[in-house]
Amino acid sequence: MAVSYLVHGADESYYTGKLEAYLRAKGIPYDMRRFGPASMRHCSKHTGVVQVPQVECSDGTWLVDSTLIIDYFERLRPEPRIDPKDESVRFISLLLEDYADEWLWRPAMHFRWSYPESARLVSGWLAEHLEEVPLPMFAKKAFWRWRQRRVFVRGDGVDGDTWRSTEDCYLDTLRVLEPIFTSRPYLLGERPTQADFGFFGPMFRHFFCDPTPARIMRKRAPAVHEWVARMWNINPSKVEAAPIPDRLDPLLDPLLEEVGRTYLPYLAATEAAFARREKTVSYQAKGVPWREPVKPYRVWCLSQLRQSFETLSDPAARSMETSLGKEAYGILSSRSTVRVPEVVSTLPIESRDQTRKPVDSWWR
Ligand SMILES: N[C@@H](CCC(=O)N[C@@H](CS)C(=O)NCC(=O)O)C(=O)O
């Protein structure tokens with residue numbers, strides 16, 4: 001019998017939206033269950049991590065981490081493939097997915113939680129996940145606003161000095177995406193790839209749906225707005241009918257430059273701080289000093305990117321030096337100096353009770 005999939009997730013969640021778009025593109029049916037404290041205990045008992053989405057499979061196995069889940073299904077059910085065949089295009093697709101997953105998280109959380117109109121709306125929505133908690137609605141809403149700001153806004157380095165730069169990250173992203181989606185339906189070409197699903201996480205559930213950033217998107221980037229809707233209205237026959245992107249073009253240059261100059265050096269700084277066993281990392285991004293918690297998960301992300309980079313042929317690796325810059329090339333081509341204890345590395349996870357204390361989404 002075919003395996004069926006139960007997604008423990010949320011209608012307001014970045015990574016649940018990313019995963020849903022992918023499952024829709026592939027025609028993989030799934031049921032959704034709204035997460036809550038009890039379901040998180042149930043999931044983390046099997047997977048060792050408290051986060052959404054988590055997928056409970058009817059054969060007793062588990063899938064977790066949107067990037068690993070996409071990789072898993074691309075091997076299990078390759079058609080219609082979203083994984084580019086050309087090695088350089090594939091690497092860039094994975095790199096852009098990772099960038100959007102991790103680097104756009106902070107502006108997405110900032111726009112959601114720093115502005116009262118968005119915070120009021122989403123805290124009400126999230127409060128409904130706490131049905132089993134015996135507290136009045138206003139207290140549940142207040143809890144979410146307090147918790148999300150503490151952990152993901154102020155706790156992630158956003159303050160008076162970095163506020164502007166956090167918002168510029170979103171505005172600059174719209175600026176580079178708009179000409180791309182004006183000229184073609186997906187990031188790398190005619191068919192969506194990992195890069196599109198990565199960008200869909202922040203762009204859909206936060207920037208398109210939350211009132212404050214959504215107003216900005218509608219005004220400044222109607223082609224991005226249209227791409228979000230296109231990504232949701234996707235199905236396997238549409239994917240199948242379009243050619244797989246097989247080359248990189250200059251429209252991507254500003255995005256690749258940003259990834260090469262800002263994101264990869266940040267990952268390298270995180271890795272260095274992790275190696276020194278520090279709890280916070282300090283670095284500069286576009287001349288702005290940042291200080292934020294070290295996220296072991298992102299050390300693992302860098303090691304994963306290096307593993308993909310290592311498989312590139314010499315000319316393909318060299319072409320990355322041109323697209324991403326010298327510093328980025330140096331980071332990608334060097335060896336990881338430290339290993340993060342892997343919480344999840346291969347899927348599917350065989351169902352077994354985890355003895356380790358569960359970690360959070362940053363693997364802390
Ligand atoms: N790397 C994970 C990240 C999942 C993640 O961070 N999900 C968020 C919600 S969109 C979460 O559960 N955060 C945990 C928290 O709020 O503590 C993935 O790709 O699935």
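Everything numeric here is computed off the predicted structure, so don't read it as measured data. Both counts, for ligands and for their atoms, begin at 1 and track the order of listing. Only heavy atoms go into these numbers, but all of them, side chains included; no hydrogens, no water, no symmetry mates.
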Could you pull out the N/O contacts under 3.5 angstrom between ligand 1 and the surrounding protein atoms?
| residue | atom | partner | partner atom | Å |
| --- | --- | --- | --- | --- |
| ligand 1 | 1 (N) | Asp65 | OD2 | 2.9 |
| ligand 1 | 1 (N) | Tyr297 | OH | 3.2 |
| ligand 1 | 7 (N) | Val52 | O | 2.8 |
| ligand 1 | 12 (O) | Val52 | N | 2.9 |
| ligand 1 | 16 (O) | Arg147 | NH1 | 2.9 |
| ligand 1 | 17 (O) | Arg147 | NH1 | 3.4 |
| ligand 1 | 17 (O) | Arg147 | NH2 | 2.7 |
| ligand 1 | 19 (O) | Ser66 | N | 3.1 |
| ligand 1 | 19 (O) | Ser66 | OG | 2.6 |
| ligand 1 | 20 (O) | Ser66 | N | 2.9 |

May I have the list of side-chain donor-acceptor pairs in residues 135-142 shorter than 3.5 Å, sequence neighbours left out?
| residue | atom | partner | partner atom | Å |
| --- | --- | --- | --- | --- |
| Lys140 | NZ | Leu130 | O | 2.9 |
| Lys140 | NZ | Val133 | O | 3.1 |

*asked:* For Tyr170 and Phe207, take the angle between the two ring planes, folded into 0 to 90°, and tell me which bin it lands in: parallel under 30, tilted 30 to 60, perpendicular over 60.
replied: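 Ring orientation of Tyr170 relative to Phe207: parallel.
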*Qualifying residues under ring-ring contact (aromatic ring centres under 6.0 Å, His included), relative to Tyr186, sequence neighbours excluded*: none
*Got a sec, which residues hit ring-ring contact (aromatic ring centres under 6.0 Å, His included) with Tyr329, two or more places apart in sequence or on another chain?*
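Residues passing ring-ring contact (aromatic ring centres under 6.0 Å, His included) with Tyr329: Phe309.
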_If the test is salt bridge (Lys or Arg N to Asp or Glu O under 4.0 Å), which one of Arg298, Arg306, Arg276 qualifies with Glu271?_
Arg306
*Out of His206, Arg112, Met109, which one pairs with Tyr14 under the side chain to side chain contact (heavy atoms under 4.5 Å, CB included) rule?*
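One option only clears the test, and that one is His206.
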